[in-house]
Amino acid sequence: MSAFLIRRVLLLIPMAFVLSAIVFWSIRLIPVDPASLVLGPFATPEQKVLATKKLGLDKPVYVQYALYLKNVGQGDLGLSTRSGKPVTDLILHALPYTLMLGGVALAISYLLAIPMGILSALRQNTFVDQFCMMFALIGMAIPAFWLGLLLILVFSVRLNWLPAIGADSWRHLILPAFALALEGTALTARLTRSATLEVLRQDYIRVARAKGLNERKVIWGHALRNAMIPIISLTGLRLGWIVGGAVIVEQIFAWPGMGRLLVESILNRDYPVVQAVLVLLGISVVLANLIADVLYALVDPRVRHASR
Amino acid sequence: MERSRFDRDFDRRTLLKGVGASAVIGATASVGMGHATAQDEAPTSGGTLRYGLNVEPRRMNQLNTTWMTDATQHLFSRLVTRDPETGAYVPELATWEISEDGLTWTFQIREGVTFHNGDPLTSDAIAWWFEQARDPDGFYGFKGSFSAVETITAVDPQTVVVTLSHPDAAILFMLYTVYSSIHNPTTYEELGADAYGIEDVDGTGAFKLQEFTPGDKLVIVRNDAFNWPAEFVANQEAPYLDAVEYRYIADASARSAAIEAGDLDIVVGPNLADVERLSQNSNLTVVSKPQPACRVVNFNCEQAPFDNKLVRQAFAHAVQRDPIVERLLFGQGVSAHSLVPPIFPDMFLEETTGYFPYDIEQARALLAEAGLVDEDGDGFVEFEGNSWEPEMLVSTDTELVTLAQVMQAQAAEIGIRLSISQIDLESLSARESSGEFDLVTGFYLWDGPDTMYEWWFLSSNIGTTNAARLSDPAIDELIEEMRNTATLEDRYAVVKDLQAAIHGDLVPLVPIYHPLDIYVMSNRVRGYEPNAFTLYPRMNDTWLA
């Protein structure tokens, strides 16, 4: 197990390296040069040349990349070309907001989805099941930006219960967290349902029932633990998705997180910030999958043995 | 018909009471009311105004960027400002005298003005600013506007004398813009040009910078020492508001929803489609003012057959502006016949509204005169015996694509088969600079529309700002004359001549519309009055009920 972990963690290093190179090259393929976006709409061609030089963008891309790696090695992620602030500061400001939003959204979606999925499976083809699955269908079909606006219109504009924008208190967190959670809730509920149904058809469940165990023990002790496996592997993927989905939700609710930082930086060709944010996101997706694999192994002894 | 509409919309006296009488549904009554209440009630101090921006605040050092944010208006003052009622240039930080020949400008700096850090404002800071602005290696965006400046001398602590190599009345305009904000040289040099405007700023404005977190918010707080606003400002002391908190909200619908929910007090640029709904909300007031801006369609004057002005004139006759304003802007705009919006009565040439009215017969006659007729009977004219399909370039912006489609339909009426190419901005500007197009859309937003004639039509600007690629010696001469005028009256007279020549004869472009600036305010906001002469309204009289 520990060898497995060490190998996986070590793999992060070349991965981050390759990812940063891909990001570094690809962002420079986007048209519109950063110098004119720094100087503003009235810049003269001469000023653009000067600014390009100042940003170091006049050098060949491989030289820029080498310089970048050198600075990163010294712990310097550079300055944002858009705002002039250190990239590290911007990320340290945005990251807690995203973790908070993503964490709460994830918690909401699991708290809703798992009971819903199990209930649907146990009451298969009843009204409860159909209701839950209809909810799941709608949840997956509704785009987050539309849901976000709808939540604002209902809970902020009409009812005036919750603030629409900003991130000043826990009350600001509720609407964006729900907007972000819905799609995942729907997906997880469906997955929980099908996984539970699958497990309930297994022989060992029949055995457990035949042994005369009460239904509660059969469900919670035997069925659920096995049904969790696909859900755990989904979690790994969803951590990356939470940040991806947050891009839109953060824009709508003016939530100062990583998604918003990323979008605005891309629009402004803020290379140093885009670079750092994307690499960080890449690493966190890989880490999340790693954690999912570890949980997997904890839940399922077969994985534990195979990885030895 | 058209004329009287302009009069009603842009009469300067009614401007403050809600410009778009016909343009903004239901706004006039509520604005009028707000105006009356503001006079009846005694202003109260305190509170934070929450302001929703449609553009993200960026660095606030006008010496090295031309980006601008609303807050810069309040953090800094300038030497000169403009009276919101008349548009006249009036003193802000200085009074001035211009010698008879227009070559010597003497600025007398107001006494008792201090920077945010407490340093007094002296002539050294002004002289320093002029030097920075014209520094050939600097990043100041408007160096060209001060090219006439020869020497700058701080004569005594309150007097600066600037001499020019030739008269240039437009300097007064430049000094009024936010780009001529005065900074404290000591703080500027301590922080360095890159950190200044991000970490901190040190101006003489009514508000001080408290917090700037890019991507989150920008907070400015009252400058308690401030008692030097321009004369026309009612509140001659420090502002009533404790603070203004700016938030950037990218999505226009989210901006509208946020002010409906009471999370913001002022929003700029709501979704045009939401304006009607917002103006029916009794908790909100919608105010609009014409922008010093113009949307145009440029011809490529070097490309046959658009090199023939008859063809351009024919096209101008085919353009109907009202349906465009209705469809693209939901009525939130005004038809344009000149680059100068009618809100600048001193320089706006009224005759332009009568140039090239919608007239299909006349358009076809002009095309025929230029040798473009439909011989094969397919409903479209041929050029030199071949079928002719001029290409119009647009970016992928929805508003512009719609504009192009309307243009296509309108051109078809006079037998011109227009093709539309939607391309990304970078490719578009590359093809625009190299002249590979027949028609291309253009836009400016700049409170000195007179200067646009120089940027857009001077032959030496072909390849940079002269998108229509007009090269006309008479125009070049007029522009040179405009740059050498000693007084604004003289300058505006030339600007009128330019409008007559450009819009009445040469037609290198067709002006389409002047958009409106739309502000949505909660009813607790008092004394916030957008006016046509500042892109960013003042806040000294603003308070929260």
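Just so it is clear: chains get the letters A, B, ... in the order the sequence lines come, proteins before strands, and each one is counted from 1. No experiment lies behind these values; they were computed from the predicted model shown.
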(message) Tell me if the OH atom of A:Tyr62 is crowded by more than 12 foreign heavy atoms within 6.0 Å.
(response) no
(request) Take atom CH2 of A:Trp25 as the centre, draw a 6.0 Å sphere, and report whether it contains more than 12 heavy atoms from other residues, nucleotides or ligands. (result) yes
(request) Tell me yes or no: between the side chains of B:Asn61 and B:Tyr188, is some donor less than 3.5 Å from an acceptor? (result) yes
(request) Verify the distance criterion only: is there a donor paired with an acceptor across the side chains of B:Thr213 and B:Glu211 at less than 3.5 Å? (result) yes
Chain B contact via [X] - which portion, at a heavy-atom distance below 4.5 Å:
{"X": "A:Ile252", "answer": "both"}
{"X": "A:Leu261", "answer": "neither"}
{"X": "A:Ala51", "answer": "both"}
{"X": "A:Asp270", "answer": "neither"}
{"X": "A:Leu50", "answer": "both"}

(request) Check the angle between the aromatic planes of B:Tyr246 and B:Tyr51 and answer parallel, tilted or perpendicular using the 30° and 60° thresholds. (result) tilted
(message) Under a 3.5 Å distance rule, please check whether A:Trp255 uses its side chain to pair with a backbone N or O of A:Tyr97 as donor and acceptor.
(response) yes
(request) Report yes or no: is the cationic atom of A:Arg269 (NZ for Lys, CZ for Arg) closer than 6.0 Å to the six-membered ring centre of A:Tyr271, at no more than 45° off its axis? (result) no
Is [X] close to chain A through its backbone or its side chain, or both, or neither, when contacts mean heavy atoms under 4.5 Å?
{"X": "B:Asp194", "answer": "side chain"}
{"X": "B:Asn281", "answer": "neither"}
{"X": "B:Glu56", "answer": "side chain"}
{"X": "B:Leu264", "answer": "side chain"}
{"X": "B:Tyr140", "answer": "backbone"}

(message) Only pairs of heavy atoms separated by less than 4.5 Å count here; which of B:Ile198, B:Asp251, B:Asp137 has the most with chain A?
(response) B:Ile198
(request) Among B:Pro57, B:Pro214, B:Gly262, single out the residue with the greatest number of heavy-atom pairs under 4.5 Å to chain A. (result) B:Pro214
(request) Determine the option with the most heavy-atom pairs under 4.5 angstrom with chain B, choosing from A:His93, A:Gln251, A:Arg158. (result) A:His93
(request) Please tell me if the side chains of B:Val201 and B:Leu191 come closer than 4.5 Å, counting only heavy atoms from C-beta onward. (result) no
